[in-house]
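One structure is given here, and the rest of the page talks about it.
Just so you know, ligand 1 is whichever comes first in the structure, and atom 1 is the first atom listed for that ligand.
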Amino acid sequence: MNHDTERALDKAAAILAGARSVIAFTGAGISAESGVPTFRGAGGIWERYDERHLELGYFRAHPELAWPTIRDIFYAFASPDGERPPFQPNDAHRVLAAWEQQGILNFTVTQNIDGLHAAAGSRRLSEFHGTTATLSCMRCGARVPSARELLETLPPRCPCGGIYKPDFTFFGEGIDPAASSSAYDAARKADVCLVIGSTGLVYPAATIPRVVAGGGGTVIEVNPEPSTFTDDITGVFLPMGASEALVALDRRLRGTATP
Ligand code: APR
């Protein structure tokens, strides 16, 4: 690791240690090392799938056309050939959950719908774009876990005959009010925002770090590539992968940084 990155890690760790209230804002990049494909960038989901199938109006009109795309992208473990087991949290998710336990991190706002922050143990969490973990019936509202057997026949149907919709936010769909209010409440209280693995291209989610910066707070960003935040609101840029950066910051905060 080069000298500049080491210095940036030292600076970021000092900011985190002296902070009054820290929030994390995460995007697809934090889950990339768990094998979850990102949406943009080389090999991204939107290079391979039709975004239209994730538009609310299209899904309601053509669930039988949209659901095969949705299963392939988000529930491949449920596909007939069962190509992979469900994803698992990585070190970055685990460090954030540990920091919440230790009082270093007040809250996490994630754009991700993979459920990996909750699986790692984060509880003070806003899943701003909802989750793939459950489905809701569009007729009676019944909510069920996204179980493998339920997704073997598409579109999946509720016993009432209604069709299930995943509990994540589709394009053209409003943000869940509870997820939104908890995220903005935490952002308004924060003096540090740790942005991990997001292009910052999707709104209103991308306003969360900007609320912290607008309130005079400091933005620390972890991303191998610059994002729309980097030259705009980022105070300390860590050009690294999420796991490597979070483990290195955790070592510094525990005073065990390797010389
Ligand atoms: N560690 C950290 N960041 C990474 C890593 C990694 N190992 N690998 C890639 N990244 C970064 C990329 O450089 C990029 O900036 O993760 C980001 C992924 O960008 P997007 O795929 O656009 O993800 P995100 O910003 O979360 O997308 C926002 O778009 O389609 C919608 O609802 C969807 O929540 C999603 C939203």
Handout entry: Proximity flag Ser227 to ligand 1, non-hydrogen atoms under 4.0 Å
Key = no
Completion exercise
Looking only at protein heavy atoms, what sits closest to atom 28 (C) of ligand 1 is Gln111 OE1, 3.3 Å
Handout entry: Atoms of ligand 1 close to Gly27 [distance to a heavy atom under 4.0 angstrom, numbered from 1]
Key = 26 (O)
Handout entry: Minimum-distance pair of heavy atoms, taken over all atoms of Arg71 and Glu152
Key = NH1-O, 3.5 Å
Problem - ligand 1 atoms in contact with Glu225 (distance to a heavy atom under 4.0 Å) - result: 13 (O)
Fill in the blank from the handout: Of all protein heavy atoms, the one nearest atom 11 (C) of ligand 1 is Asn223 OD1, 3.4 Å
Fill in the blank from the handout: What one should report as the nearest heavy-atom pair of Tyr58 and His53 is CE2-CD2, 3.2 Å
Problem - Between Gln111 and Thr26, a side-chain donor and acceptor under 3.5 Å - result: no
Completion exercise
Closest to atom 17 (C) of ligand 1 among protein heavy atoms sits Gly197 O, 3.5 Å
Exercise for the section: Check each heavy atom of Val202 against ligand 1 and say whether those closer than 4.0 Å belong to the side chain, the backbone, both or neither. Expected result: side chain
Fill in the blank from the handout: In this structure, atom 14 (C) of ligand 1 is nearest to the protein heavy atom Thr199 CG2, 3.7 Å
Practice task
Report yes or no: do Asn2 and Thr5 form a side-chain donor-acceptor pair below 3.5 Å?
Solution key: yes
Handout entry: Protein residue, atom and distance nearest to atom 1 (N) of ligand 1, heavy-atom basis
Key = Ala242 N, 3.0 Å
Handout entry: Passing option when Leu96 is tested against Ile104, Thr110, Asp91, Ile196 for side-chain contact (heavy atoms from CB on, under 4.5 Å)
Key = Ile196
Problem - Residues Ser126 and Tyr184: side-chain donor-acceptor under 3.5 angstrom - result: no
Handout entry: Protein contact to atom 22 (O) of ligand 1 [nearest heavy atom, distance to 0.1 Å]
Key = Arg40 NH1, 2.6 Å
Handout entry: Protein heavy-atom partner closest to atom 5 (C) of ligand 1 - residue, atom, separation in Å
Key = Gly29 O, 3.6 Å
Problem - Identity and distance of the protein heavy atom lying nearest atom 33 (C) of ligand 1 - result: Phe39 CE1, 3.7 Å
Practice task
Please find out if less than 6.0 Å separates the ring center of Phe168 from that of Phe74.
Solution key: yes
Exercise for the section: Indicate whether any N or O donor in one side chain lies under 3.5 Å from an N or O acceptor in the other, for Glu33 and Ser243. Expected result: yes
Exercise for the section: Report, in ascending order of atom number, the atoms of ligand 1 lying under 4.0 Å from any heavy atom of Ala28. Expected result: 21 (O), 23 (O), 24 (P), 26 (O)
Problem - Beyond-backbone contact of Phe107 with Phe25, side-chain heavy atoms, under 4.5 angstrom - result: no
Handout entry: Ligand-side contact atoms (ligand 1) for residue partner Ala32, heavy atom cut-off under 4.0 Å
Key = 8 (N)
Practice task
Would you kindly specify which portion of His129 sits under 4.0 Å from ligand 1, judged on non-hydrogen atoms: side chain, backbone, both or neither?
Solution key: side chain
Practice task
Return yes if a side-chain donor-acceptor contact under 3.5 Å exists between Ser34 and Asn90, otherwise no.
Solution key: yes
Handout entry: Thr131-Asp167 side chain donor-acceptor pair, cut-off 3.5 Å
Key = no
Problem - Those atoms of ligand 1 less than 4.0 Å from some heavy atom in Glu33 - result: 1 (N), 6 (C), 7 (N)
Exercise for the section: Report yes or no: does a heavy atom of Trp46 sit under 4.0 Å from some atom of ligand 1? Expected result: yes
